[in-house]
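Quick notes on the structure that follows.
In what follows, every chain begins at residue 1, and chains take the letters A, B, ... in the order their sequences are listed.
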There are 2 protein chains.
Amino acid sequence: MTEVEKTLDNKSVRPTAMRILIYKFMASKNTAVALTDIENAFDKAERTTLYRTLKTFEEKGIVHQIDDGTNISKFALCEPGCNCEIDQDLHLHFHCGQCDKTVCLTEHKIPQINLPQGYIAEDVNLVIKGICDSCNDH
Amino acid sequence: MTEVEKTLDNKSVRPTAMRILIYKFMASKNTAVALTDIENAFDKAERTTLYRTLKTFEEKGIVHQIDDGTNISKFALCEPGCNCEIDQDLHLHFHCGQCDKTVCLTEHKIPQINLPQGYIAEDVNLVIKGICDSCNDH
DNA sequence: CCATTAAATGCACTTCTGTTGCACCATCTA
DNA sequence: TAGATGGTGCAACAGAAGTGCATTTAATGG
Ligand SMILES: [Mn+2]
Ligand SMILES: [Mn+2]
Ligand SMILES: [Zn+2]
Ligand SMILES: [Zn+2]
């Protein structure tokens, strides 16, 4: 059993060939990926399978979904000990308007926000748009 | 010249009949609206016209676009003196998972966020998901 | 090992949002 | 009043998301 298989197994996800490929693909990238990104990465990929795989991954806390303002859902692997299905990992995300890449800034936590009376917060999504360090010509 | 016409004129937007209707519709609601919401509100509405009207409104600082995590763009009128086309009005938004409504919390400003070296922030989008005060049964 | 069963995948198709091109119409200006 | 500019209507398309169903694959128990 490889490391990836163990990871999936730990999260109660059957480590099928396709799932392992998807996991490895996401692990190889340092940016969040869209469903279409994965689809384009594998010639033999079936969109529905990828779609449902991502859903499963998300439900089991393997990936988290990111809404970066492009109206296209992005996904990124959760950090080793993030447990975002229980107590969500409130880091912020950055979307670069130049290279169109979205990254997790896991070190940068979202500060506590207070809401008006009667509002109950369940999740927080903070996205900053701008120029990333790769596109920034210093 | 009515108040609405003056408002549009001040922002260099020709106050056509359709635009006035759209503006009034948005002003009558206390939630952000999607393109489809406006389309459904008027039988005679042409989707393209609404689409381009919202684009124009946004460019001229009459409305601001909100990305609430549903992957459907929402729009809301800017506050009287917000000038968000120059220096964006960094209030937070709330999306209720029960009634599916998105509201501007204009009183609640987004706190200063610091970024890693090399990253340049141009815009910030902070959305909180949960239960709104109307859906909260106290 | 085989039969049974559940889970995963592949295929076809639909819906919805966003977007563009182009023709036509309204409005402004010289 | 003619021309220019800008707004609108109509048609069509692209892309993402999502569903139903048949088929394949994998796990399980005898
Ligand atoms: Mn992330
Ligand atoms: Mn707002
Ligand atoms: Zn970049
Ligand atoms: Zn609500």
Tell me, which pairs form a ring pair (Phe, Tyr, Trp, His ring centres under 6.0 Å) where one or both residues lie in residues 13-44 of chain A, sequence neighbours left out?
-> A:Phe25-A:Phe42

Once you round it to whole Å, what is the distance between P of C:dT27 and CD of B:Glu5?
-> 12 Å

Sorted by chain and number, sequence neighbours left out, side-chain hydrogen bond (donor to acceptor under 3.5 Å, both in side chains) with A:Gln65 holds for A:Ser73

Distance test, side-chain N/O of A:Tyr51 to OP1/OP2 of D:dG18, below 4.0 Å = yes

How would you list, by chain and number, every residue that makes a salt bridge (charged side-chain N to carboxylate O under 4.0 Å, His left out) with B:Lys6, sequence neighbours excluded?
-> B:Glu3

If you measure from the Lys or Arg side-chain nitrogens to the Asp or Glu carboxylate oxygens, is any gap between B:Arg47 and B:Glu39 under 4.0 Å?
-> yes

Rounded distance in Å - CG (A:Asp67) to C1' (C:dT17) = 14 Å

Using the criterion of both pairing distances under 3.5 Å for Watson-Crick and G-U wobble pairs, give all stems of 3 or more consecutive pairs involving DNA chain C.
-> C:1-30 with D:1-30

Of B:Asp9, B:Thr2, B:Leu8, B:Thr7, the residue whose pairing with B:Glu5 passes side chain to side chain contact (heavy atoms under 4.5 Å, CB included) | B:Thr2

Do you reckon B:Leu50 sits in the same ILVMFWY cluster as B:Val13, going by side-chain contacts under 4.5 Å, direct or chained?
-> yes

I'd like a table of atom pairs between the protein and nucleotides 6-16 of chain D - only N or O on both sides, under 3.5 Å - with the distance next to each one.
from: D:dG7; atom 1: OP1; to: B:Arg19; atom 2: NH1; distance (Å): 2.9
from: D:dG7; atom 1: OP1; to: B:Arg19; atom 2: NH2; distance (Å): 2.9
from: D:dG7; atom 1: O5'; to: B:Arg19; atom 2: NH2; distance (Å): 3.3
from: D:dT8; atom 1: OP1; to: B:Thr16; atom 2: OG1; distance (Å): 2.8
from: D:dG9; atom 1: OP2; to: B:Thr49; atom 2: OG1; distance (Å): 2.9
from: D:dG9; atom 1: O6; to: B:Arg52; atom 2: NH2; distance (Å): 2.6
from: D:dC10; atom 1: N4; to: B:Thr48; atom 2: OG1; distance (Å): 3.2
from: D:dA11; atom 1: N6; to: B:Thr48; atom 2: OG1; distance (Å): 3.3
from: D:dA16; atom 1: OP1; to: A:Thr36; atom 2: OG1; distance (Å): 3.2
from: D:dA16; atom 1: OP2; to: A:Thr36; atom 2: OG1; distance (Å): 3.0

Contact check, side chains of A:Cys104 and A:Leu92, non-hydrogen atoms, under 4.5 Å | no

Could you tell me the separation between the CG atom of B:Leu50 and the P atom of C:dG18, rounded to a whole number of Å?
-> 12 Å

Kindly state each residue pair satisfying ring pair (Phe, Tyr, Trp, His ring centres under 6.0 Å) with at least one member in residues 95-119 of chain A, sequence neighbours excluded.
-> A:Tyr119-B:Phe94

In whole Å, what is the span from the CD1 atom of B:Ile20 to the P atom of C:dA26?
-> 16 Å

